[in-house]
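Here the structure is a predicted model, which is why all the values come from computation and not from measurement. Any value given below was found using the heavy atoms of this structure, including those in side chains, with hydrogens, waters and symmetry copies removed.
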Amino acid sequence: MEEIASLFQGFATALTPFNLLLMFTGILLGVIIGVLPGLGGANGVAILLPLTFSLAKAPGGATSAIILLSCIYWGALFGGAITSILFNIPGEPWSVATTFDGHPMAQQGRAAQALTAAFTSSFVGAIFAVALITFLAPLLATFALKFGPAEFFAVQLLTFCSFIGMSKEPPAKTIAAMMLGFALAAVGMDAVTGQLRMTYGFPELLKGFDFLIAVIGLFGIGEILLTMEEGLAFKGKSARIDPKVVWRTWGELLRHWKLFLRSTVVGCWMGITPGGATPASFMSYGMARRMSKNPSEFGSGRIEGVVAPETAAHAAGTSALLPMLTLGIPGSPTAAVLLGGLLIWGLQPGPMLFVEQKDFVWGLIASMYVGNVVGLIVVLCTVPWWAAILRIPFSIIGPVIIVICAIGAFTVNNSLFDVAMMLVFGVLGYLFKKLKYPLAPMVLALVLGDMAEASFRQAMLLSQGSLSIFWSNGLVGTIVALALALLLWPVWAGLKDWLRRRERVADGRARA
């Protein structure tokens with residue numbers, strides 16, 4: 001009952017006229033980000049994060065700022081489907097699976113039905129995930145209050161090892177990216193000893209690399225450089241949504257309630273674990289095709305092929321905020337950027353956030369409900385506008401995005417050095433994408449590197465240098481054991497594949 005009362009109080013905060021205006025603004029900006037290839041949820045939140053600094057004197061302060069950022073995220077999630085369906089250009093990585101059936105539907109003259117199905121599915125997935133956050137976050141936060149330095153380091157180790165064990169990328173590349181992130185996080189002054197680490201005579205690096213500068217460069221500039229190389233051109237048709245089509249599509253979607261439920265479960269699981277929205281969308285699409293009575297028709301314009309990936313992607317993107325709020329562990333790159341935004345505003349995500357900043361937490365959770373309703377209304381009403389934006393040549397849009405990135409980097413510390421570092425990180429992000437190295441592990445290590453180091457050193461001080469503290473009780477021992485199992489999982493999987501190949505070779509020789 002106490003949590004329900006807090007949630008209603010959060011709705012009172014979220015439904016103020018000023019915060020509602022911020023929601024509409026954030027949704028519109030987010031949809032633009034989702035529509036434009038080369039940007040994305042993490043990129044947009046990173047680039048527009050400096051805009052929230054102007055809200056320091058606003059009535060809601062930090063709450064209003066984070067509401068704006070979260071609504072940019074919801075808008076980006078919605079917007080990615082528009083280009084995927086209308087133009088066969090995924091605006092977001094998780095929208096790739098939507099193109100398989102969404103674009104064929106548009107080519108058949110069913111663009112309105114496909115867009116309605118995509119937006120409705122996104123809304124359903126997000127609402128279920130927000131409900132999960134509402135009921136699980138307080139319980140998880142209460143449980144996390146029992147955590148000490150060893151337990152927090154164990155959870156962070158589990159997060160790092162999960163990226164290695166569950167990533168589709170080669171483990172060697174994931175580890176390499178993560179190690180580079182740890183190295184970048186170590187730059188600056190050691191908080192314990194006061195020693196300077198890897199500053200190379202630059203006083204600007206005493207505080208280390210600014211997380212916001214790194215993310216703007218890695219995602220924003222890196223993607224733009226890649227897009228410029230590919231010579232992307234926007235081509236498509238305008239689209240509008242007839243209210244009659246909306247009602248008819250909603251009636252048809254009611255028959256797919258099992259698909260909604262299954263995709264939501266997949267999305268929430270992949271969001272809470274470090275899977276992410278993109279694997280969730282592909283996994284859900286694959287499950288929908290395997291369980292369909294007519295799997296051969298997928299790829300030719302099946303509405304289930306739009307419902308499954310969009311529901312899972314939004315559920316994953318939203319539920320990724322659960323470990324971020326309760327444990328300080330982001331479940332996705334965008335959640336990592338939001339984590340950086342919370343830290344900039346002086347808010348420390350974790351179990352104490354629900355005790356010390358109760359009004360903020362429940363205001364944010366309430367805004368998730370309202371923001372998704374606002375997002376559904378906005379995207380259903382404004383599709384023709386986004387289709388018109390895609391007619392602008394990329395030669396115009398590209399420089400505009402770069403200028404926005406530069407302004408965002410400069411406003412962090414009013415320093416041209418930050419703009420130069422943004423460009424350096426942009427080249428690094430471009431090289432990572434060209435060499436097919438994952439950026440998410442590096443961003444995760446850059447965000448959590450300092451926290452993991454601090455937790456480890458505190459644990460070592462408590463145990464007088466003995467690693468046995470990480471097996472001192474059942475909780476920390478279980479988490480560390482699970483982390484090590486995930487770390488070694490690729491080795492075990494590779495060994496199994498090698499044994500199977502040997503068996504096949506042996507069988508072939510025996511038959512010969």
Side-chain angles (χ1 to χ4, degrees), residues 30 33-34 40-45 70-81 84 90-100 102 118-137 140 159 162-163 165-169 259-288 305-327 329-339 365 368-369 371-372 375-376 438-441 443-444:
I33 288 164
N43 314 343
V45 173
S70 63
C71 285
I72 292 172
Y73 184 28
W74 310 141
L77 285 168
F78 278 111
S84 299
E92 301 285 351
W94 54 76
S95 298
V96 173
T98 307
T99 63
F100 299 158
F119 297 149
T120 306
S121 303
S122 302
F123 172 77
V124 171
I127 286 296
F128 270 98
V130 175
L132 182 74
I133 292 174
T134 303
F135 292 106
L136 285 188
L140 190 56
T159 305
S162 297
F163 261 90
M166 299 176 64
S167 175
K168 289 187 176 181
E169 303 291 337
L259 178 60
F260 276 112
L261 184 60
R262 185 170 62 245
S263 301
T264 301
V265 171
V266 170
C268 288
W269 171 252
M270 295 297 287
I272 295 173
T273 61
T278 304
S281 64
F282 280 99
M283 184 184 297
S284 183
Y285 182 87
M287 290 178 64
V306 175
V307 171
E310 286 296 313
T311 304
H314 273 240
T318 305
S319 58
L321 300 180
L322 175 60
M324 188 270 285
L325 287 173
T326 56
L327 299 174
I329 307 295
S332 70
T334 310
V337 179
L338 286 173
L339 173 62
I365 292 175
M368 294 179 186
Y369 287 100
N372 277 286
L376 180 63
L439 275 175
V443 172
L444 183 74

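Across S284 and A308, no two heavy atoms sit closer than the pair OG-O, 3.1 Å. Residues S319 and A129 approach most closely at N-CB, 3.8 Å, considering heavy atoms. R262 approaches A288 most closely through the heavy-atom pair NH2-CA, 4.1 Å.
With sequence neighbours excluded, no residue forms a side chain to side chain donor-acceptor pair (under 3.5 Å) with T318. Under the ring-ring contact (aromatic ring centres under 6.0 Å, His included) criterion, F123 pairs with no residue at all, not counting sequence neighbours. Taking Y369 as the reference, L7, F11, I127, V130, A131, T134, I365 meet the side-chain contact (heavy atoms from CB on, under 4.5 Å) condition, with sequence neighbours excluded.
The neighbour count for F128 CZ, taken as heavy atoms of other residues, nucleotides or ligands under 6.0 Å away, does not exceed 12.
Separating the SG atom in C71 from the CE atom in M368 is a distance of 9.5 Å, to the nearest 0.5 Å. For the atom pair OH (Y285) and CD (E310), the distance works out to 12.5 Å, reported to the nearest 0.5 Å.
Checking side-chain atoms of T311 against main-chain N and O of T264 turns up no donor-acceptor pair under 3.5 Å.
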